Enquirer: 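Have a look at the structure that comes next, please.
None of the values given here were measured: they were computed from a predicted structure. Atoms within each ligand, like the ligands themselves, are counted from 1 in listed order.
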Amino acid sequence: MAGLDLAVIGGTGVYRLASLEGAEAVGGDTPWGKPSGPVRVGTVAGKRVGFLARHGEGHALPPHRVNYRANLWRLKELGARRVLAINTVGGITERFAPRVLACPDQLIDYTWGRAGSYWDGEGGEVLHVDFGDPYSPAFRAELLAAAARAGVAVLDGGCYGATQGPRLETKAEIARLRRDGCDLVGMTGMPEAGLAREAGLEYACLAVVANWAAGCGDATEITLADVLANVEAASAGLPAVVEALLG
Ligand code: HPA
C-alpha cells in the first residue's frame with residue numbers, strides 16, 4: 001500500500017473533493033465496524049489523497065451515530081499520516097462570523113455516550129494519551145502556511161466546543177460555552193480528535209462557520225438553508241488549501 005499523503009474528512013455540506021482525480025472507492029468493514037462510507041482514494045496535484053464523507057455520502061448519519069473509530073481506523077489502514085478534518089460549526093465569539101474558516105487550537109468535549117477510545121477492551125492495555133494540545137501543532141502550522149500560500153483567509157486559533165446534537169443548542173447552553181471559553185460550536189469534533197491522537201495520526205481541524213450560534217447573531221432562527229449556503233460559500237477556498245498542503 002502506497003500510503004496517503006493526506007486524508008480529508010468532509011463535514012456537513014462537504015461530501016466530495018472536487019479536485020480528486022482517478023478516485024477508487026475503498027469500502028468494507030473494519031475491526032470497529034463500518035465507516036461512514038467508502039474512502040475515495042485518488043490524486044490531487046499528483047499526490048495520493050483519501051477523502052471520506054463523515055456523515056456518509058448522502059448525509060444519512062447524524063453526529064452521534066458516526067462510527068468515528070471505524071473512520072479513523074480505515075484512514076490509518078490506508079496509510080494516512082495527516083488527517084485534515086473539515087467541520088461545520090456555529091460561531092460564538094465575534095471573530096468567528098458565518099463564512100469564516102478557522103483552525104482551532106483547543107477544544108472542550110461536551111458529548112456523551114459516544115465510543116471514544118480504542119482502548120476499550122477487557123484485559124487490554126490502557127493508554128492515557130497526552131491531549132493538552134488536541135490538534136497537532138505541526139500539522140496546524142502546515143495548514144495555516146498552506147492557506148496563506150493559497151491566499152485563503154483562515155483564522156489561527158480558537159476553542160471548539162463539541163456538543164452532542166443533533167439538535168442545535170439553547171441560548172443558555174451557548175452562553176455557558178462562551179463562559180467556558182469556546183469560540184466555536186460543532187457536533188463532530190469529538191471523539192474524532194481524541195481517537196486520531198490515540199491512533200498516532202496528525203490531526204487538524206478546518207472549521208467552516210455556517211451560522212451564528214444560538215443567541216449570538218440577529219437571526220431569530222438558524223435554518224438549514226442558511227447553514228448550507230454559508231458552508232458552500234466558505235468552502236470555495238478548500239480545494240486551493242488542500243492543493244497547497246500537498247505542494
Ligand atoms: N451548533 C452546533 N453545531 C453546528 C452549528 C451550531 O450552531 N452550526 C453548524 N454546526
Enquirer: How are the rings of Trp73 and Tyr118 set to each other: parallel, tilted or perpendicular (split at 30° and 60°)?
Expert: tilted

Enquirer: Could you check whether any side-chain N or O of Arg197 sits under 3.5 Å from a backbone N or O of Asp133, counting only pairs where one atom can act as donor and the other as acceptor?
Expert: yes

Enquirer: Measure Val185 to ligand 1 on non-hydrogen atoms and call it side chain, backbone, both or neither using the 4.0 Å cut-off.
Expert: both

Enquirer: Out of Ile174, Thr88, Thr12, indicate the one that has the non-hydrogen atom closest to atom 10 (N) of ligand 1.
Expert: Thr88

Enquirer: Just jot down the ligand 1 atoms closer than 4.0 angstrom to any heavy atom of Asn211, in number order.
Expert: 5 (C), 6 (C), 7 (O), 8 (N), 9 (C)

Enquirer: Assess the side chains of Glu198 and Ser117: does a donor N or O sit below 3.5 Å from an acceptor N or O?
Expert: yes

Enquirer: Looking at Glu169, which atoms of ligand 1 are within less than 4.0 Å of one of its heavy atoms?
Expert: 1 (N), 2 (C), 6 (C), 7 (O)

Enquirer: Is Arg69 paired with Asp120 through a side-chain N to carboxylate O contact shorter than 4.0 Å?
Expert: yes

Enquirer: Which atoms from ligand 1 have a heavy atom of Gly186 less than 4.0 Å away?
Expert: 2 (C), 3 (N)

Enquirer: Not counting sequence neighbours, which residues clear salt bridge (Lys or Arg N to Asp or Glu O under 4.0 Å) with Arg95? List them please.
Expert: none

Enquirer: For Gly90, take its heavy atoms, then give the atoms of ligand 1 lying under 4.0 Å from any of them.
Expert: 4 (C), 5 (C), 6 (C), 7 (O), 8 (N), 9 (C)

Enquirer: Do Gln164 and Thr111 have a side chain donor and acceptor closer than 3.5 Å?
Expert: no

Enquirer: Mind checking whether Thr163 has an N or O less than 3.5 Å away from an N or O of ligand 1?
Expert: no

Enquirer: Please state which protein non-hydrogen atom is closest to atom 6 (C) of ligand 1 and give its distance, to 0.1 Å?
Expert: Leu168 CD2, 3.4 Å

